[in-house]
Peer 1: 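To start, I am sharing the structure in question, which I have written as structure tokens.
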Protein chains: 2
Amino acid sequence: MTEYLPGGTSPKAQLIADEVRRRIATQQWQQGQRIPDEADLAVEFGAARATVNKALQVLADEGLLERKRRAGTRVVVNPARKATFTIPIIREQIEKLGQSYSYRVFTVRRGPPGNRIVTDLGVPASAPFVHLQAVHYGDGQPFQFEDRWINLAAVAGMENLDFKHINANEWLVRNAQYLRADIEFSAENATAREAQLLGATAGMALLVLSRNTWNDKGLITSVRIACRPGFSMKALD
Amino acid sequence: MTEYLPGGTSPKAQLIADEVRRRIATQQWQQGQRIPDEADLAVEFGAARATVNKALQVLADEGLLERKRRAGTRVVVNPARKATFTIPIIREQIEKLGQSYSYRVFTVRRGPPGNRIVTDLGVPASAPFVHLQAVHYGDGQPFQFEDRWINLAAVAGMENLDFKHINANEWLVRNAQYLRADIEFSAENATAREAQLLGATAGMALLVLSRNTWNDKGLITSVRIACRPGFSMKALD
DNA sequence: TCATTCAATATATCTAAACATATTTACAAG
DNA sequence: CTTGTAAATATGTTTAGATATATTGAATGA
């Protein structure tokens, strides 16, 4: 009855989750159907209700089950697929490829936030910002073009930083933990400037990653990263 | 001391997680530093150890904490940022926008798998495949161009399906549970054909989503979805 | 008919306690 | 100095029981 997993036994909640997954996969429990309640499953699997709860919670997080108080637990009709991407620190990403990392700043300008920052992100137009444009290289080849706005009011100790020589991304990762973030992947045709900086041709399709991070004082930074042509983001799920 | 959250109280574990997050964000607990153990935190927060455990588990899943038995819990040094994307069923995505969904198949051809499938995915060249090309529309406007290969040997009951009239994506979602999947976002310039089918101009940058799913019998399906110009994938994290 | 109230019920969450397990640390033996 | 062993300790997991909360569905009354 019980299966052996290579490398030892799994926790009970895991085994229960696997069995429920199997029942859904084999359509023993069909889409939209209500499954037995936690108490019954606890009896069936010889576990405590809390353990069953944990297992079902996992499957609900995966999007396979839908749980509502009083109404019970049912198999989701059209399970949405989820994929988690890890957004690495550029330096690490490049060094993992066995390439040497370098970084060059093309623009540093202090001043009020750009229009997009004010209108899209609801930042006061009077906030003190730095606008940065830089390129990250692997073995001397352009890897990413970074266009970043930084809110100097969001993190103490930034006023006197020399962003011309400090890697803003890494400084922020280490010194400005965020509470909330959003991210967006899109595709854009390279502008003439991007093409030049990335060693590409104008109009080439670039994967663009836009990310905003926030802490309790408001927006920390808003960055738009245009990746070199052909670059892609991969994930398992 | 305690903060009010608009809209009611949160579960205790959530409040604890938020407070820990805050302490990390404010560098009260610095990167690499060990934080108090569960028992101490339980006392401090007036909660049971299990509740603290749950809260810390969440933060560890988020990649903010690193936990090891006996060694304790510490703040991760260079937190990798993660973003989870939900890949919705196209029909639902379009209907959620308040548009009417339609779908048109342009190509259905049975035969051996394409070269890319054989070489990149290690599928035997003799496997029975169907190659599909279709466009999904919202209110009559092209939304996505789908280019899909389906391994007929991977799922029983597919040999006699009429993919000309059945929505392959939805049939597979409902009938072919996968064990493993990978996904990739990239940017590509629209080919003439894609431009025509998507009502775009050749060369426009398109966000492309490539996805392969597998079960115990091997590859189920490999699909490449070119989204209409300007489309983007968003996530919070 | 429709809205309100109220009891029943399934999940959500928490607690306290126990045992399991991995890992560190110290110490002893070779 | 290395290896082996044992104690200590922090997290991992489960249990049994309790309370909280949302939702259903039936009963009630305007």
Side-chain angles (χ1 to χ4, degrees), chain A residues 1-21 23-24 29 32-77, chain B residues 2-21 23-24 29-30 32-77:
Chain A
M1 190 74 192
T2 50
E3 305 240 354
Y4 283 97
L5 295 173
T9 60
S10 292
K12 216 162 180 174
Q14 187 63 55
L15 294 174
I16 295 174
D18 289 346
E19 171 62 13
V20 171
R21 230 192 301 274
R23 290 186 188 182
I24 295 170
W29 287 345
Q33 205 178 51
R34 182 157 163 218
I35 74 172
D37 66 43
E38 294 183 346
D40 290 347
L41 290 175
V43 172
E44 187 198 329
F45 291 123
R49 192 171 79 83
T51 307
V52 173
N53 179 284
K54 189 174 176 184
L56 297 185
Q57 203 74 250
V58 168
L59 298 179
D61 288 344
E62 284 177 16
L64 226 53
L65 293 177
E66 205 164 31
R67 294 159 64 72
K68 277 205 321 215
R69 278 180 167 136
R70 159 66 186 165
T73 298
R74 29 187 86 245
V75 180
V76 164
V77 175
Chain B
T2 50
E3 304 241 355
Y4 283 96
L5 295 173
T9 60
S10 292
K12 215 162 182 173
Q14 185 65 53
L15 293 175
I16 295 174
D18 289 345
E19 171 60 16
V20 171
R21 229 191 302 273
R23 289 187 187 181
I24 295 172
W29 288 343
Q30 304 206 340
Q33 204 178 51
R34 183 159 162 216
I35 73 173
D37 66 42
E38 293 184 347
D40 290 347
L41 291 175
V43 172
E44 186 197 331
F45 290 123
R49 188 169 78 90
T51 306
V52 172
N53 179 283
K54 190 176 176 184
L56 297 185
Q57 202 73 251
V58 167
L59 298 180
D61 288 344
E62 284 177 14
L64 225 54
L65 294 178
E66 206 164 30
R67 322 190 68 211
K68 275 203 324 212
R69 275 180 170 138
R70 161 66 182 158
T73 298
R74 33 186 83 246
V75 181
V76 165
V77 176

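These numbers come from a predicted model, not from an experiment. Residue numbers begin at 1 in each chain, while the letters A, B, ... track the order of the sequences.
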Peer 1: In whole angstrom, what separates B/R69's CZ from C/dA22's C1'?
Peer 2: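 Going from CZ in B/R69 over to C1' in C/dA22 covers 5 Å.
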Peer 1: Given 3.5 Å as the limit, does a donor-acceptor pair link the side chain of A/K12 with the main chain of A/G46, or not?
Peer 2: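 Yes, because the side chain of A/K12 sits within donor-acceptor range (under 3.5 Å) of the backbone of A/G46.
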Peer 1: For C/dA10 and A/T73 - does any side-chain N or O of the residue sit under 4.0 Å from the phosphate oxygens OP1/OP2?
Peer 2: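 Result: no.
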Peer 1: With heavy-atom distances below 4.5 Å as the criterion, would you say the side chains of A/L64 and A/I24 are in contact?
Peer 2: yes
Peer 1: Using heavy atoms and a sub-4.0 Å distance, could you list which residues of residues 59-68 of chain A are near DNA chain D? By number, please.
Peer 2: none
Peer 1: Between N or O atoms, less than 3.5 Å apart, protein on one side and nucleotides 4-6 of chain D on the other: list the pairs.
Peer 2:
none

Peer 1: Is there side-chain contact between A/D37 and A/D40, with heavy atoms separated by less than 4.5 Å?
Peer 2: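 SC-SC contact between A/D37 and A/D40 confirmed.
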Peer 1: List in numerical order all residues of residues 38-57 of chain B for which some heavy atom is under 4.0 Å away from an atom belonging to DNA chain D.
Peer 2: B/E38, B/R49, B/N53, B/Q57
Peer 1: Between P on D/dA18 and NZ on B/K12, what's the gap in Å once rounded to a whole number?
Peer 2: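 Interatomic distance, NZ of B/K12 to P of D/dA18: 18 Å.
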Peer 1: What residues form a side chain to side chain donor-acceptor pair (under 3.5 Å) with B/R69, not counting sequence neighbours?
Peer 2: none
Peer 1: Tell me which nucleotide among D/dA10, C/dC14, C/dA10 gets nearest to the side chain of A/R34.
Peer 2: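 The answer is C/dA10, which lies nearest to the side chain.
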Peer 1: Output a table of donor-acceptor pairs, distance under 3.5 Å, between side-chain atoms of residues 47-63 of chain B and any protein atom two or more places apart or on a different chain; print 'none' if there are none.
Peer 2:
residue	atom	partner	partner atom	Å
B/R49	NH1	B/E38	OE1	2.4
B/N53	ND2	B/E38	OE2	2.9
B/E62	OE1	B/R21	NH1	2.6
B/E62	OE2	B/R21	NH1	2.9

Peer 1: Can you list the residues that meet the side-chain contact (heavy atoms from CB on, under 4.5 Å) rule with A/R23, with sequence neighbours excluded?
Peer 2: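 Scan of A/R23 (side-chain contact (heavy atoms from CB on, under 4.5 Å), adjacent residues dropped) gives A/E19, A/Q28, A/W29, A/E44, A/F45.
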Peer 1: Is there a donor-acceptor contact under 3.5 Å from the side chain of B/R74 to the main chain of B/G32?
Peer 2: yes
Peer 1: Could you please name the option among D/dA22, C/dT11, C/dT23 that lies closest to any side-chain atom of A/R70?
Peer 2: D/dA22
